[in-house]
Enquirer: 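Handing you a structure now.
Indexing begins at 1, ligand by ligand and atom by atom, following the structure's order.
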Amino acid sequence: MTLTLKHIVPVLNAQWKGEFGDIEIDHISIDSRSLQNGPGTLFFALSGPNNDAHNYIGELLDSGVFNFVVTHIPDEVKGQANFIIVPDVLLALQQFAAWYRDKFHFPVIGITGSNGKTIIKEWLNFLLGPDYNIIRSPKSYNSQVGVPLSVIGINEMHNLGIFEAGISTVAEMERLEPIIRPTIGILTNIGTAHDEGFANIADKIKEKLRLFKRSEVLIYQKNKTIEAFIQSGTKRFSWSFKEEEAEVLLARRTEGEQTIITIKKGAPEFEITIPFRDEASIENAAHCLMVLLFFEYDPNEIKGRMSLLYPVEMRLVVKNGINNSTLIDDSYSSDFQSLKIALDFLENQKQHKKKTLILSDIFQSGLGNEELYSRVSQLVVSNKINRVIGIGPIISAFKNKFVNCSTYETTSEFLAAFPALHFRDETILIKGARQFRFEKIVALLEEKTHETVLEINLNAVSHNLNFFKSKLRPETKMMVMVKAFGYGNGGLEIARLLEHHKVDYLGVAFADEGISLKASGISLPIMVMNPESTSFPSIIQYGLEPEIYSLKGLEAFLKVVSAEKKSAYRIHIKFDTGMHRLGFEEKQLDELIAILRNNPLVTVQSVLSHMATSDDLNHHAFALQQIALFEKMVTLFCTELGIDPILHMLNTSGISNYPEAQFDMVRLGIGLYGISNDASEQKYLENVSTLKSIISQLRTIPAGDSVGYGRRFMAQHDTKIATIPIGYADGISRHWGNGVGYITINGKRAPITGSICMDMLMADVSGISCKEGDPVVIFGLDPTVNEMSKSLKTIPYEILTSISQRVKRVFYRE
Ligand SMILES: *Cc1c(COP(=O)(O)O)cnc(C)c1O
């Protein structure tokens, strides 16, 4: 559909300012960093508590974008573009999407509920894919912003939509309903997620059901509480394993790793087999089954397709590849929308200059192949991909649309050619439809390590950053501490993400940490808290900024600056206001001021101090005394020198407990990694790090037998024991063994039996359904690092930073 500004402006009830004429819009964007922005882009300048895209209009003009939806025109860009002025940009995006949605008349399945939305969406796409051209939400794009962006992907060739909607508080569904306008509704279930956003369960149910107010039919698991709120005009199509009144009554039994579901009532009686046995998968499959029954599929067809359901990987995973390459593994889906998202992620995470795309045939784009591969080629060019490897008969036929492209008809052909392809020092995006089995490619390219990994959720890092930003005044700057490998989570990857989020400063403990970040291309300014004088020359060479805390250190640094023939070099002055660790004391101020007065060699970029008790309100008075002393010292120092440096004092718990002492900047640390020492605040943070391993071996021992060194566990009865390949050399304290701690397997807690060994530990898994190779969680959601640290009488910082560097870090994004 051709859309021009002339169409769009009246829809938004907006005012158009700018003389650049009407223009055809072929791309809607909200991300100023996307390389996909160009002349046909209409950019919606969203603003939140933490970030205002109006600030990036200048940059976007430079990259050729000149159509903007804004609330106001910033002074510096007046007269330079087409501006569509609206009172609320998010609302405008939603209105636009709703208007766009109205142009299409085909069945749309809308999914909401607390769990399973994305899996059901992906499974339905797989089950219905052979018969429809489906448009669906990419990944889990189900938010106030994600839903409009998903719907805007519809085109004339689509004839079925599947969209998910996620809400966290009241009044949100009202805005999503007109955008999705589902004709068929699925309510997955009502769990406890986002409970804080609703007064009670009834409010939550009512809000979710608003999505279906114009739907013909609602599919749900039979439930009286829910039914009390369903509108009378909506046809109910419920299922149940026990409620006889459900429209479709099901029965089930487990056979090995499979579940057999029988349809007992409401449709012809028949059986299907699904390759899962866990509760969540069975529920998700039941919802999908109901859709197929509603569409009146033939039982044999249903049976065949449902037996092929597969685990859905919902994340984009970053992995270490062979020969110093980096992999972005998206080897389970291939559609045009998700390709765009994956390419943005590639740009954001690229670790090397060279970017490679391995791409299979793309299905269900709703476009003809000629047009589709032209568009893919444009994406490849705008994203500056250095080489493309196409796999599949269709993409092979369009090879001439790409530069530096090699193609293979099948994955096996590619695998045969692999030894001669020499992947090295590059970031490789692997994106393929499921039937191409690209996991075989990932297996070849992935660096082999043992099974224990620390998984780091980059979305959660972003969430936590935004949470703390929202507690600050808008003008307060943010330094983020990435010392000790980003608190054990991987310094470089975290730093990259922070650069993407445009934080103001990074802080590290030692020069070599800063050097390695700079050498890897991080351009944010970096403060080094504990620079040794031997490292001063390399600090200057890499443009790092030292914290200066003593007269001796200052004199030594000035000598090096002078020898290196630098001037006005940025330094940070640390005051000791009571922590008594590092810093100038009040009585040294005169001498410090005398040295710095009119000194051309250095510039005082910031002045800081550190609180000893920001986390403990029992020491409230002491904290206030530190703050007061800082103010006093700073006033004298700055007045005497006539300077106005950045002032900062607060760490994570300081941000929460002493917001009045934000000064000009704060130094966020542990909070970024999802940990707070305040239980009410902890609720709002997302878990970042999950330490995982697998079961190496299972055995059952009889009563009276023992486990491990020193026979410190004695079985009282027959006991099933699992051995896990992680031990104290990986950073798990021995105090966590001998029944004190536990691990989680398939959602169940298994106490650690006997002493933790250097590289292994054993756990009692009696009564837990599990097998060798099953994943286990050492910490993450259960147990949490907080919980472990309490039991071990230490602090979360120590647990996180103790995880040995031999444990592989895996970064992912949902
Ligand atoms: C580590 C550190 C921080 C961050 O502390 P958190 O408690 O992790 O937020 C801030 N400032 C200084 C000087 C630090 O050493």
Enquirer: Among all protein heavy atoms, pick the one closest to atom 7 (O) of ligand 1 and tell me residue, atom and distance.
Expert: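 Among all protein heavy atoms, the one nearest atom 7 (O) of ligand 1 is Y797 OH, 2.6 Å.
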Enquirer: Would you say the ring centers of H572 and Y505 fall short of 6.0 Å from each other?
Expert: yes
Enquirer: Side chain or backbone, does I670 bring an N or O within less than 3.5 Å of an N or O on ligand 1?
Expert: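 N/O-N/O distance below 3.5 Å exists for this pair.
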Enquirer: Quick check: S653 and ligand 1, any N/O pair under 3.5 Å apart?
Expert: no
Enquirer: What is the closest protein heavy atom to atom 12 (C) of ligand 1, and at what distance does it sit?
Expert: H610 CE1, 3.4 Å
Enquirer: So, do F575 and F637 have ring centers that fall under 6.0 Å from each other?
Expert: yes
Enquirer: Would you call L596 and I573 a side-chain contact if the rule is heavy atoms closer than 4.5 Å?
Expert: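 Sidechains of I573 and L596: in contact.
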Enquirer: Within this structure, what is the OG1-NE2 distance for the pair T577 and H580, rounded to the nearest 0.5 Å?
Expert: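 NE2 of H580 is found 9.0 Å from OG1 of T577.
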Enquirer: Taking the inter-plane angle between the rings of F557 and F536 on a 0 to 90° scale, is it parallel (under 30°), tilted (30 to 60°) or perpendicular (over 60°)?
Expert: perpendicular
Enquirer: Tell me the protein heavy atom at minimum distance from atom 8 (O) of ligand 1, and give that distance in Å.
Expert: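 Of every protein heavy atom, Y487 OH, 2.5 Å lies nearest to atom 8 (O) of ligand 1.
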Enquirer: Considering only the protein, which heavy-atom contact is closest to atom 5 (O) of ligand 1, and what is its distance?
Expert: N651 CB, 3.4 Å
Enquirer: Once you measure the plane-to-plane angle for W736 and Y742, does it fall in the parallel (<30°), tilted (30-60°) or perpendicular (>60°) bin?
Expert: tilted
Enquirer: Can you confirm whether more than 12 heavy atoms, excluding those of M579, are under 6.0 Å from its CE atom?
Expert: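 Count over threshold, so yes.
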Enquirer: Closest non-hydrogen protein atom to atom 9 (O) of ligand 1, residue and atom name please, with distance?
Expert: T652 OG1, 2.5 Å
Enquirer: Heavy-atom contact check, 4.0 Å cutoff: does R581 meet ligand 1?
Expert: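 Yes.
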Enquirer: Pull out every atom of ligand 1 sitting under 4.0 Å from any heavy atom of M529, numbered as shown with elements.
Expert: 12 (C), 13 (C), 14 (C), 15 (O)
Enquirer: Judged on heavy-atom distance to atom 15 (O) of ligand 1, which of R667, K574, K483, M481 sits nearest?
Expert: K483
